[in-house]
Protein chains: 2
Amino acid sequence: MSLDHAATVLVVDDEPQIVRALRINLSARGYKVITAHDGTAALKAVAETKPDVVVLDLGLPDMDGTEVIGGLRGWTTVPIIVLSARGDSADKVEALDAGADDYVTKPFGMDELLARLRAAVRRSAVSPVDGAEAIVDTGSFTIDLAAKKVRREGKEVHLTKTEWGVLELLVRNRGRLVAQKQLLHDVWGPTYETESHYLRVYLAQLRRKLEPEPSRPRHLLTEPGMGYRFEI
Amino acid sequence: MSLDHAATVLVVDDEPQIVRALRINLSARGYKVITAHDGTAALKAVAETKPDVVVLDLGLPDMDGTEVIGGLRGWTTVPIIVLSARGDSADKVEALDAGADDYVTKPFGMDELLARLRAAVRRSAVSPVDGAEAIVDTGSFTIDLAAKKVRREGKEVHLTKTEWGVLELLVRNRGRLVAQKQLLHDVWGPTYETESHYLRVYLAQLRRKLEPEPSRPRHLLTEPGMGYRFEI
DNA sequence: TCGGGGCGTCAAGAGGGCGTCATCCAGGGT
DNA sequence: ACCCTGGATGACGCCCTCTTGACGCCCCGA
């Protein structure tokens with residue numbers, strides 16, 4: 001899916017010079033780079049921008065590194081590469097067992113970090129299973145999962161980030177029922193699992209934009225009490 | 001799938017003392033350990049025994065380490081952790097880009113290696129998501145457990161949340177008797193274990209929707225005084 | 001033969017979930 | 001500083017589903 005050169009990297013570090021060095025090197029290699037300078041911002045950034053990989057410094061000002069890892073692992077499997085000045089075996093074990101994917105000690109070689117980053121992205125990029133067609137056509141409208149575009153009667157339909165998040169999850173599970181909890185969890189984050197009202201609002205918006213008869217949906221179906229389902 | 005304590009590790013190294021140390025430590029932690037002392041044997045061993053993770057020394061007598069990695073990556077995504085005495089950045093990059101998942105330099109801490117191994121196994125254990133098609137066919141109707149769909153004579157039958165809860169539990173225990181108490185406990189909750197009237201109502205509804213002759217059920221059977229049973 | 005418990009069936013009321021619309025608020029761009 | 005988009009939240013009516021009650025049947029033992 002997301003090729004290396006299109007991958008988004010979240011860099012979490014409170015040392016400006018490290019952030020700067022990483023930003024320069026990563027950008028030069030075609031990665032999209034976003035940054036956070038503490039744990040709270042990191043959790044927020046992951047929930048909002050869904051990066052393809054996280055580079056996480058353990059020495060953050062506001063919370064312990066393993067807490068950040070734990071906060072992420074509760075609801076996402078995004079690869080996490082830990083950066084740390086501490087090379088103790090115990091630190092590595094703790095971080096890895098908390099859910100980190102790799103552990104690099106400072107000072108680190110940029111080449112090595114980049115290689116480990118490629119490895120992490122490659123691994124997680126394999127999973128988008130399904131052998132899925134990147135373009136799904138319902139007859140009423142088409143969804144291009146790779147390009148993140150939706151067309152209806154030839155014209156492109158603009159979707160907001162949240163609308164796309166809902167639609168993508170449903171389309172990737174086409175034919176299958178997706179539980180309300182899962183939608184809320186994956187699109188909004190782990191603390192929104194009970195806000196089913198959001199789903200009603202956004203499904204209504206998607207239907208209005210995509211369905212020929214929004215009040216009689218043929219593709220974005222509700223299974224009362226259970227969840228939603230996308231049918232072609 | 002394979003839990004940590006049941007995971008199989010292939011150790012590929014030509015130094016007997018390393019193999020011995022790994023075998024002892026891994027076995028002590030409940031891993032099943034198999035070994036290979038050169039690249040050819042390693043490729044053969046992976047094909048034959050399908051290990052959950054490979055620990056690969058780069059300094060093998062018969063072939064280059066990256067060749068081994070390449071030979072594996074052509075057809076399997078099994079996690080590969082490289083062990084190497086050479087800590088050059090270039091070596092790491094080469095191995096990782098060839099398809100390795102991690103790179104540990106000798107001498108290594110056993111704790112760290114074990115933690116990285118756990119991380120690698122954990123990652124790959126997550127992916128076998130929606131493996132098996134879970135479709136049950138009775139001849140009269142079919143149940144798709146993954147999609148939460150029921151079809152009868154080609155047409156989809158709509159079930160409510162509670163109806164589906166009852167049917168799913170029975171189907172997942174197909175052929176076995178499911179006690180009333182268990183059904184009520186699992187579908188309605190622990191405080192409903194005596195409300196057997198619910199079961200009568202819902203079994204009747206399911207039969208009406210699914211059975212060819214609802215009054216003569218062939219699949220959703222009552223065992224008077226005990227519970228219900230689903231038969232194909 | 002009679003009575004009771006378990007079961008199946010039907011029906012109706014109540015509550016909750018859903019769709020819809022309107023409003024408020026924050027953030028980003030001009 | 002302003003506007004404008006998009007997200008969050010509340011109000012409201014409708015429909016479906018769950019729940020509950022009533023009743024008849026069958027099987028069993030008394």
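No hydrogens, no waters, no symmetry mates; every other heavy atom, side chains included, goes into these values. Since we're looking at a predicted model, the values are computed, not measured. Sequence lines set the chain letters: A, B, ... in the order given, protein chains first and strands last, and positions in each chain run from 1.
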Problem set entry | Check ion pair A:Asp101-A:Arg73 (N to O, under 4.0 angstrom) | yes

Exercise. Out of A:Val33, A:Val9, A:Val46, which one pairs with A:Pro51 under the side chain to side chain contact (heavy atoms under 4.5 Å, CB included) rule?
Worked result: A:Val46

Exercise. Do B:Glu211 side-chain atoms and B:Arg218 backbone N/O form a donor-acceptor pair below 3.5 Å?
Worked result: yes

For this session: Report yes or no: does B:Arg229 contribute a side-chain atom to a donor-acceptor pair with the main-chain N or O of B:Gly175 at less than 3.5 Å?
Result: yes

Problem set entry | Proximity to the side chain of B:Val201 - top-ranked nucleotide from D:dT19, C:dC18, D:dG7 | D:dT19

Problem set entry | For B:Glu163, the option from B:Lys209, B:Arg207, B:Lys148, B:Arg208 that meets salt bridge (Lys or Arg N to Asp or Glu O under 4.0 Å) | B:Lys209

Problem set entry | B:Leu184 CG - C:dC7 P separation (whole Å) | 11 Å

For this session: Using atom CD of B:Glu163 as one end and atom P of D:dT19 as the other, report the distance to the nearest whole Å.
Result: 12 Å

For this session: To the nearest Å, give me how far apart CD (B:Gln205) and P (C:dG8) are.
Result: 13 Å

Exercise. Any side-chain heavy atom of A:Leu56 within less than 4.5 Å of one from A:Val68?
Worked result: yes

Problem set entry | Pairing of A:Lys106 and A:Asp13 as salt bridge, 4.0 angstrom limit | yes

Exercise. Counting just side-chain N and O atoms, does A:Thr160 come under 4.0 Å of either OP1 or OP2 of D:dT5?
Worked result: no

For this session: Specify the separation, in whole Å, of atom CG of A:Leu159 and atom P of D:dG7.
Result: 10 Å

Problem set entry | Nearest-nucleotide pick for B:Arg200, side chain only, options being C:dG8, D:dG7, C:dT20 | C:dG8

Problem set entry | Distance in angstrom units between B:Leu199 CG and D:dT19 P, rounded | 11 Å

Exercise. Closer than 4.0 Å, any side-chain N/O of B:Tyr198 to the OP1 or OP2 of D:dT20?
Worked result: yes

For this session: Identify which nucleotide among D:dT19, C:dG17, D:dG7 has an atom closest to any side-chain atom of A:Thr162, counting heavy atoms from C-beta outward.
Result: D:dG7

Seminar exercise, completed: Within residues 211-223 of chain B, the residues having a heavy atom closer than 4.0 Å to DNA chain D are none

For this session: Nearest whole angstrom, please: distance from the P of D:dG7 to the OH of A:Tyr192.
Result: 12 Å

Exercise. Rounded to the Å, how far apart are B:Tyr202 OH and D:dT20 P?
Worked result: 11 Å

Exercise. Which whole-number value in Å describes the distance from A:Leu203 CG to C:dT20 P?
Worked result: 10 Å

Exercise. For B:Gln180, which contact category applies under a 4.0 Å heavy-atom criterion: base, sugar-phosphate, or nothing?
Worked result: sugar-phosphate

For this session: Verify the contact: side-chain N or O of B:Tyr228 to OP1 or OP2 of C:dG8, cut-off strictly under 4.0 Å; return yes or no.
Result: yes

For this session: Check whether any side-chain N or O of B:Trp188 sits under 4.0 Å from OP1 or OP2 of D:dC18, and answer yes or no.
Result: no

For this session: Look at the side chain of B:His197 and decide which nucleotide, out of C:dC18, D:dT17, D:dT20, has an atom nearest to it.
Result: D:dT20

